[in-house]
Amino acid sequence: MTLTLTVSDEVRTLAPGFTHVAVEAHGLVNGPSTEASSELLDDAARRLAVRLDGRAPHEDPHMAAWREVYTAFGSKPSRTRNSAEALAKRALSEAGLPRINLLVDVYNAISVAHLVPVGGEDIDRIEGGMRLVRATGEEDFVTVAGGEEAVEHPDAGEVVWRDDAGVTCRRWNWRQGPRTRLTEDSVSGIFLLETLSPMPVADAERAAAELAELLAKFSPGAHITVRPPTC
């Protein structure tokens with residue numbers, strides 16, 4: 001069954017230039033980071049440096065648009081960066097990009113190379129469909145603090161992804177919860193590439209196609225579908 005993804009009217013009003021492209025994959029093979037996935041991340045950092053040509057990530061027009069939207073729903077973008085800007089900042093640092101696991105490395109590489117927020121969720125851990133909404137402030141966001149499970153609540157008006165069980169990602173694409181993240185045992189995933197104007201939709205489609213190719217390379221035999229862009 002195809003996972004449903006919906007965007008609320010409130011979010012569309014807040015960000016009329018928002019588009020997302022989803023890549024759905026079944027029959028994936030995950031595991032620890034490999035030399036090949038590490039090389040992907042290093043190559044993505046090099047591609048990013050060429051793209052930015054000496055600029056800081058937040059000076060890119062697409063990242064600037066995300067900062068404006070974050071400000072619009074009450075978040076401070078210099079403290080809670082969108083996922084692509086945060087990864088880009090790490091990619092350009094001496095520490096470089098983290099190695100998480102094979103699937104996460106792959107989608108992080110796409111995010112950095114194309115400077116677009118990309119998220120990956122384990123479909124088998126999602127309850128019902130996924131919805132992008134403005135929070136009431138009463139939703140549960142299950143996370144980990146000090147090694148123990150903890151429950152947070154988003155700010156009222158904050159943009160969040162959620163399913164029937166609660167929030168899966170806070171502040172649009174800032175922080176993913178552990179409940180639905182891709183682990184080394186994951187076999188089915190939904191990967192979301194999220195864009196705002198001025199990034200052309202065609203650029204997001206190219207990034208999604210590259211992601212699909214990499215998933216097929218690392219998981220031969222997987223069933224992978226790139227969905228049409230949703231505005």
Can any side-chain N or O of Arg79 pair as donor or acceptor with the backbone N or O of Ser75 at less than 3.5 Å? no
Out of the candidates Val11, Val7, Val133, only one should pair with Val159 under the side-chain contact (heavy atoms from CB on, under 4.5 Å) rule; please name it. Val11
For residues Arg171 and Glu158, report the shortest heavy-atom separation together with the two atoms involved. N-OE2, 2.8 Å
In plain terms, say whether Glu210 and Arg47 are close enough for a salt bridge, that is, a side-chain N and a carboxylate O under 4.0 Å apart. yes
Kindly say whether Met63 contributes a backbone atom to a donor-acceptor pair with the side chain of His58 at under 3.5 angstrom? no
Counting only pairs under 3.5 Å, give me each side-chain donor-acceptor contact of residues 224-231, with atom names and distances, residues two or more places apart or in other chains.
unit_1	atom_1	unit_2	atom_2	d
Arg227	NH1	Leu3	O	2.9
Arg227	NH2	Leu3	O	2.6
Arg227	NH2	Glu24	OE1	2.5

With sequence neighbours excluded, tell me which residues meet side chain to side chain donor-acceptor pair (under 3.5 Å) with Asp203. Arg206
With a 3.5 Å distance limit and no angle check, can you tell me whether Thr143 reaches the backbone of Ala150 through a side-chain donor-acceptor pair? no
If we ignore hydrogens and angles and just use 3.5 Å, is the side chain of Arg134 paired with the main-chain N or O of Gly157 as donor and acceptor? yes
Side-chain heavy-atom pair Arg67, Ser78 within 4.5 angstrom cut-off: yes
Between the main-chain N or O of Phe141 and the side-chain N or O of Glu152, is there a donor-acceptor pair closer than 3.5 Å? no
Test item: Ser111 side-chain N/O and Tyr107 main-chain N/O as donor-acceptor pair under 3.5 Å: no
Atom CD of residue position Glu138 - does it have more than 12 heavy atoms of other residues, nucleotides or ligands inside 6.0 Å? no
Main-chain N/O of Asn82 paired to Glu85 side chain as donor or acceptor, under 3.5 Å: no
Would you call the rings of Tyr70 and Trp66 parallel, tilted or perpendicular if under 30° counts as parallel and over 60° as perpendicular? perpendicular
Atom pair OG1/NZ of Thr71 and Lys76 - distance to nearest 0.5 Å: 10.5 Å
Just to verify, what does Thr168 make a side-chain contact (heavy atoms from CB on, under 4.5 Å) with, not counting sequence neighbours? Glu121, Met130, Trp161, Asp163, Arg179, Thr180
Which atoms form the tightest heavy-atom contact between Gly27 and Ala222, and what is the distance? O-CB, 3.6 Å
Donor on one side chain, acceptor on other, Glu194 and Trp172, under 3.5 Å: yes
Tightest non-hydrogen contact, residues Val142 and Pro178, listed as O-CD, 3.2 Å
side-chain contact (heavy atoms from CB on, under 4.5 Å) evaluation trace for Leu52 with Leu115: CA-CA 9 Å; Leu52 291 175; Leu115 206 52; 4.0 Å; yes
In a table with atom names and distances, give each donor-acceptor pair under 3.5 Å that connects a side chain of residues 86-94 to protein atoms at least two apart or in another chain.
unit_1	atom_1	unit_2	atom_2	d
Ser93	OG	Arg90	O	2.7
Ser93	OG	Ala95	N	3.4
Ser93	OG	Gly96	N	3.4

Identify each donor-acceptor pair in which a side-chain atom of residues 31-38 lies under 3.5 Å from a protein atom, sequence neighbours left out, and give them as a table.
unit_1	atom_1	unit_2	atom_2	d
Ser33	OG	Ile100	N	3.4
Ser33	OG	Asp105	OD2	2.6
Thr34	OG1	Ala36	N	3.3
Thr34	OG1	Ser37	N	3.1
Ser37	OG	Thr34	N	3.0
Ser37	OG	Thr34	O	3.1
Ser37	OG	Asp105	OD2	2.9
Ser38	OG	Arg99	NE	3.0
Ser38	OG	Arg99	NH2	2.8

Leu215 side chain reached by Leu103 side chain, heavy atoms, under 4.5 Å: yes
The side-chain hydrogen bond (donor to acceptor under 3.5 Å, both in side chains) partner of Asn30 among Thr183, Asp185, Asn101 is Asn101
Could I get the full list of ring pair (Phe, Tyr, Trp, His ring centres under 6.0 Å) partners for Phe218, not counting sequence neighbours? none
Are any non-hydrogen side-chain atoms of Val69 and Leu196 less than 4.5 angstrom apart? yes
Heavy atoms, side chains only, cut-off 4.5 Å: are Ser186 and Asp124 in contact? no
Atom OG1 of Thr13 and atom CZ of Phe18: how far apart are they, to the nearest 0.5 Å? 13.5 Å
Does Leu193 offer a backbone N or O that forms a donor-acceptor pair with the side chain of His20 under 3.5 Å? no
Are the side chains of His62 and Pro117 in touch, meaning some heavy atoms are under 4.5 Å apart? yes
Is it the case that the side chain of Glu59 and the backbone of Pro57 share a donor-acceptor pair, with hydrogens and angles ignored and the cut-off at 3.5 Å? no
Quick one, Ile123 with His26, criterion side-chain contact (heavy atoms from CB on, under 4.5 Å). Give me CA distance, side-chain angles, the key distance, then yes/no. CA-CA 9 Å; Ile123 291 177; His26 299 272; 3.9 Å; yes
